[in-house]
2 protein chains.
Amino acid sequence: MFQKIKPKKISDEVYEQIKSIILSGKLKPGERLPPERDLAVEMGVSRTSLREAIQKLEAQGFLYQVQGGGTFVKTITNGILDSAIEEFVKRDEAIFDLMEIRKILETWGAHTAAIRATAEEIDTMSRYLDEMREAKEKGQIGHISDANFHFAISYGTHNVMLIHLMKNLFYWIEKVSYEVRSRMYTNPESHEALFRQHTDIFNAISARDPERAYDAMLVHMHYIVGELKRIYKKK
Amino acid sequence: MFQKIKPKKISDEVYEQIKSIILSGKLKPGERLPPERDLAVEMGVSRTSLREAIQKLEAQGFLYQVQGGGTFVKTITNGILDSAIEEFVKRDEAIFDLMEIRKILETWGAHTAAIRATAEEIDTMSRYLDEMREAKEKGQIGHISDANFHFAISYGTHNVMLIHLMKNLFYWIEKVSYEVRSRMYTNPESHEALFRQHTDIFNAISARDPERAYDAMLVHMHYIVGELKRIYKKK
DNA sequence: AAAGTATTTTGGTATTACCAAAAAACCTTG
DNA sequence: CAAGGTTTTTTGGTAATACCAAAATACTTT
């Protein structure tokens with residue numbers, strides 16, 4: 001019947017505000033919060049109160065801090081994949097299961113982003129695509145822009161759960177197949193093919209063509225899995 | 001091989017120490033801790049660090065504070081703050097994010113199980129389908145058999161990651177929409193529709209027809225989401 | 001261009017001061 | 001003396017400042 005009276009403590013209000021920003025998806029996993037000093041000023045509270053709120057959020061698994069580095073948003077889906085990975089005797093055997101899940105989520109993501117993404121979000125995708133082109137022309141790897149491009153697509157779905165899951169998935173794929181994946185970029189043909197695929201995906205999304213976006217992403221995923229299989233066979 | 005070096009932060013050490021004192025029973029529920037100022041001196045740390053540790057312990061439900069009163073050990077640990085993922089799923093909007101993910105994974109799961117599932121696995125599915133029929137005829141809910149039926153399908157994909165993901169998804173969905181689901185089963189028409197959908201899914205898988213399995217699962221998912229929307233709109 | 005070095009940024013801790021609520025001590029009054 | 005009200009003290013809550021330590025960045029050197 002009656003509602004509980006709100007928190008009176010300032011640190012609690014700070015806590016609630018940051019929490020809801022994360023849950024609503026305005027702050028995305030892996031993103032960095034403003035420095036404590038700045039954020040405290042922005043919210044009109046002391047650094048002490050802000051830090052107490054952050055401690056709580058950290059204890060709950062929303063944030064983590066690194067001295068000198070900053071304060072970052074954690075994936076709320078932490079621990080789900082972790083327990084699954086442990087079932088594999090050799091960790092890198094998990095890569096194909098992981099890639100299969102990725103294929104499912106990313107194809108849907110591309111399809112849905114073509115429908116739901118805002119102009120701004122599509123703009124972000126194009127920025128990362130440009131970064132990849134520049135990296136390729138300079139002979140650099142550009143795998144960070146690659147990952148960011150895919151994240152940008154997941155943002156376009158507006159499904160907060162999916163955004164966190166994707167981040168989590170990428171973390172493990174990266175961890176499990178780091179050296180293998182970097183080999184893909186060292187081959188110029190491979191690098192060129194990847195860029196072409198990324199361009200196709202972007203064009204389809206930007207043209208608001210869900211089916212084409214889906215297909216383009218599927219081609220991309222199949223290509224990566226094919227390369228992975230090829231490289232693992234050699235070993 | 002080697003163990004990760006534990007907490008270096010002072011506030012973490014304070015946190016660990018107080019926590020272990022509580023867990024060991026040296027501090028009993030309801031008891032009051034020494035005043036912050038005294039305790040800080042006793043532990044040889046600043047009041048700031050001590051308070052940050054207390055915030056964490058408060059977030060985890062070990063302590064509570066009252067201004068002017070003191071710091072007390074909690075009697076019951078059910079006042080504990082939920083983990084990040086639980087905070088996420090307990091919001092009304094979250095169920096649709098969850099169901100969207102479930103739709104993606106389950107449609108793929110049905111499609112793939114129609115290809116990969118062994119005869120024994122398909123047999124397991126049919127057993128749970130029978131259970132559901134019996135439950136329906138007896139006027140029982142049978143939601144456990146329902147969940148098991150879906151799990152059996154995910155097992156049929158032979159993808160360990162997917163199996164884990166599905167388990168977690170079901171757990172949260174169950175947690176969030178318990179009363180909603182039970183309402184669906186109490187309506188006889190609804191119950192009948194659900195059973196027909198399950199049967200369609202099973203027939204397609206057992207006939208090794210991936211496309212039909214996919215479509216049947218999609219119908220099932222859309223039906224559930226439709227019901228959810230209808231019920232949530234009422235609220 | 002690469003590697004090493006210095007500077008800046010950013011979280012972690014300590015100290016001090018003061019506010020606000022609860023608890024304890026004190027006083028007033030019948 | 002007892003009951004009720006008032007003042008003081010205790011104790012958590014917030015703010016501000018200073019400095020330390022690790023990471024990130026800018027810079028210099030080779």
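Throughout, protein chains are lettered first and strands after them, A, B, ... in sequence-line order, and every chain is numbered starting at 1.
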When you measure from the centre of the six-membered ring of [Y], is the NZ or CZ of [X] closer than 6.0 Å and no more than 45° off the axis?
X: B:R91; Y: B:F88; value: yes
X: A:K74; Y: A:F62; value: no
X: A:K175; Y: A:W172; value: yes

Which word best sums up how the rings of A:F170 and A:F151 line up, parallel for under 30°, tilted for 30 to 60°, or perpendicular for over 60°?
tilted

For [N], does either OP1 or OP2 sit under 4.0 Å from a side-chain N or O belonging to [X]?
X: B:T71; N: D:dT11; result: no
X: A:R51; N: C:dG12; result: yes
X: A:Q65; N: C:dT10; result: no

Mark yes when over 12 heavy atoms from residues, nucleotides or ligands other than B:Y171 sit less than 6.0 Å from its OH; otherwise mark no.
no

Ion pair check, A:E120 and A:R127, cut-off under 4.0 Å:
no

Atom [atom1] of [X] to atom [atom2] of [N]: distance rounded to whole Å?
X: A:E52; N: D:dG13; atom1: CD; atom2: P; answer: 8 Å
X: A:Q55; N: C:dG11; atom1: CD; atom2: C1'; answer: 10 Å
X: A:E36; N: C:dT13; atom1: CD; atom2: C1'; answer: 12 Å
X: B:D12; N: C:dG11; atom1: CG; atom2: P; answer: 16 Å
X: B:L39; N: C:dA14; atom1: CG; atom2: P; answer: 13 Å
X: B:L50; N: D:dT14; atom1: CG; atom2: P; answer: 15 Å
X: A:L33; N: C:dT10; atom1: CG; atom2: P; answer: 12 Å
X: B:L63; N: D:dG13; atom1: CG; atom2: P; answer: 11 Å

Per-nucleotide protein contact along nucleotides 16-25 of chain D, 5' to 3', at a 4.0 Å heavy-atom cut-off (B base, S sugar-phosphate only, - neither), is B-BB-BBS--

Would you say the side-chain atoms of A:S49 pair up with the backbone N or O of A:V45, donor to acceptor, closer than 3.5 Å?
no

